[in-house]
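To start, the structure under review is shown below, and the notes come after it.
Keep in mind it's a predicted model, so treat the numbers as computed, not measured. Order of the sequence lines sets the chain letters (A, B, ...), proteins ahead of strands, with each chain counted from 1.
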Number of protein chains: 2
Amino acid sequence: MNIGEVAARSGLPAKTIRYYEEIGLITPLRDVNGYRAFRESDLHKLAFIARARALGFTIEDCRALLALYQDEHRESRDVKRLAQRHLDKIAEKIRTLESMRETLSELIEACAGDHRPDCPILKGLCEESGKAPGKGVA
Amino acid sequence: MNIGEVAARSGLPAKTIRYYEEIGLITPLRDVNGYRAFRESDLHKLAFIARARALGFTIEDCRALLALYQDEHRESRDVKRLAQRHLDKIAEKIRTLESMRETLSELIEACAGDHRPDCPILKGLCEESGKAPGKGVA
DNA sequence: CCTTGACCTTCCCGTAACTGGAAGCCCCAA
DNA sequence: TTGGGGCTTCCAGTTACGGGAAGGTCAAGG
């Protein structure tokens, strides 16, 4: 399988697949002409990674998950811990974003949004100090 | 005012303030010794930016907001539009994250999390294809 | 007067996870 | 043989900074 087919079948851009090889997530073989020669197992791994990424796991998480996945003697406890930590981070991001949404929608609601220069949003950015949503969502 | 004081009073790290100067958000004067000499107006701008950042606005949004803020003839409509677009993005990120949270917590719930290798989380990453939360939260 | 330590300066590298683009092979079909 | 698409590598850029090195400056203490 060449990279184009793998890209089509995994849903990942070829660029991304090359990147995953570069950082050692996969190790496709090579044809004599230098083209990457993907096995079914490579495709399978890529699909695994794609789904993990879609759940928001970082690349390093994916690497760990992949290692666990391939380890016959893994303990599901380790997988669960990793996933739980990730879930916690997601929950915190949601909280941060909801705090932003709250503040922002109040400001927007208060703004006439017409041709006049008077604007509660800008005023809010000037004076407000009550709400501190934290460090952003990264 | 030197950068240390401005950092203390604005809550922004000195590094960040230098960065904001580098990208042209502020333009502090310079003392003869080469130290940045901040005016009250610089501090004010930095505080403005800090609050906008805390609401999740990008640096470029901040630049635009600052320009609107300093424009006597702005129309609040323009501010509101910018804020509304940002709010929409936030709402979408929240949706994405909630979808991830949902899927992830189902998988976690189903996982025994003990010493055995059997793990629904890994299985989910292998097979699942029903839920596609989109492009991540970026 | 000299030293010490806290500031300040610039400069460069690293982050996460790619994406875009350039320059150049390779392969197949007309 | 020529054209077009696919493949290769390498380099640069993205966002918003943070870390750290090398070195100038300033005020206080001995």
Side-chain angles (χ1 to χ4, degrees), chain A residues 1-38 42 46 49-66 86 89-90 93 96 100 133-138, chain B residues 1-38 42 46 49-66 86 89-90 93 96 100 133-138:
Chain A
M1 249 186 300
N2 281 348
I3 201 168
E5 190 182 340
V6 178
R9 287 176 59 185
S10 70
L12 291 169
K15 276 269 183 185
T16 299
I17 297 172
R18 290 195 194 98
Y19 173 67
Y20 288 169
E21 181 191 12
E22 190 188 322
I23 62 172
L25 283 184
I26 53 168
T27 312
L29 304 174
R30 293 288 176 145
D31 281 337
V32 283
N33 59 13
Y35 286 20
R36 287 169 183 81
F38 294 87
D42 294 316
L46 286 169
I49 296 167
R51 282 189 284 262
R53 293 285 299 134
L55 287 180
F57 284 103
T58 66
I59 290 286
E60 287 317 305
D61 283 346
C62 291
R63 196 191 299 279
L65 286 168
L66 216 41
H86 178 49
K89 276 185 209 155
I90 287 178
K93 281 188 190 181
T96 300
M100 289 177 181
K135 264 305 183 181
V137 71
Chain B
M1 250 185 300
N2 281 348
I3 201 169
E5 189 182 339
V6 177
R9 288 175 60 185
S10 70
L12 292 169
K15 276 270 186 185
T16 299
I17 297 171
R18 290 196 194 97
Y19 174 67
Y20 288 169
E21 181 190 12
E22 189 187 324
I23 62 173
L25 283 185
I26 52 168
T27 312
L29 304 174
R30 293 289 177 144
D31 281 338
V32 282
N33 58 15
Y35 286 19
R36 287 169 183 80
F38 294 86
D42 294 316
L46 287 169
I49 297 167
R51 283 189 283 262
R53 293 286 297 133
L55 287 179
F57 285 103
T58 66
I59 291 286
E60 288 316 306
D61 282 347
C62 289
R63 197 190 298 279
L65 286 169
L66 216 43
H86 178 49
K89 277 185 208 154
I90 287 178
K93 281 188 189 182
T96 300
M100 290 176 181
K135 265 303 184 184
V137 69

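Checked by atom type and distance alone, the side chain of A:N33 pairs as donor or acceptor with a backbone atom of A:Y35 at under 3.5 Å. Between the side chain of B:N2 and the main chain of B:G4, no donor-acceptor pair closer than 3.5 Å is present. In this structure, A:R53 contributes its side chain and A:C62 its backbone to no donor-acceptor pair below 3.5 Å.
Taking both residues in full, the closest heavy atoms of B:A14 and B:A7 are given as N-CB, 4.0 Å, listed atom of the first, atom of the second, then distance. Scanning both residues, B:A54 and A:M100, for their nearest heavy atoms gives O-CE, 3.3 Å. Of all the heavy atoms in A:L12 and A:I17, the pair that sits closest is O-CD1, 3.8 Å.
The separation between B:N2 atom CG and D:dT25 atom C1' is 10 Å, rounded to whole Å. Put simply, CE on B:M1 is 17 Å from P on C:dC7, counting in whole angstrom units. Nucleotide C:dA16 holds its P atom 13 Å from the NZ atom of A:K93, rounded to whole Å. Distance, A:E60 CD to C:dA16 P: 8 Å, rounded to whole Å. The nearest whole Å value for the distance from the CD1 atom in B:I59 to the C1' atom in D:dG13 is 17 Å. Atom P of nucleotide C:dC25 and atom CD1 of A:I3 are separated by 20 Å, given to the nearest angstrom. Following rounding to the nearest Å, B:K89 (NZ) and D:dT15 (P) show an atom-to-atom distance of 11 Å.
The pair A:E60-A:R63 meets the salt-bridge criterion, with a side-chain N (NZ, NE, NH1 or NH2) lying under 4.0 Å from an Asp/Glu carboxylate O.
Contacts of residues 14-23 of chain A with DNA chain C (heavy atom under 4.0 Å): A:K15, A:T16, A:Y19, A:Y20. A heavy atom lying under 4.0 Å from DNA chain C marks the following residues of residues 26-37 of chain B, by number: B:R30, B:G34, B:Y35, B:R36.
Residues A:Y20 and A:I59 have side chains in contact (heavy-atom distance under 4.5 Å, counting atoms from C-beta outward). No side-chain heavy atom of B:D42 sits less than 4.5 Å from a side-chain heavy atom of B:V6. Considering only heavy atoms from C-beta on, B:H86 comes within 4.5 Å of B:I90 through its side chain.
Direction change of the helix axis from one end of the helix from C:dC1-D:dG30 to C:dA30-D:dT1 to the other is 30°, with five pairs defining each end axis (rounded to 10°).
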#### Entry: Derivation of the side chain to side chain contact (heavy atoms under 4.5 Å, CB included) call for A:F57 and A:I49
CA-CA 9 Å; A:F57 284 103; A:I49 296 167; over 6 Å; no
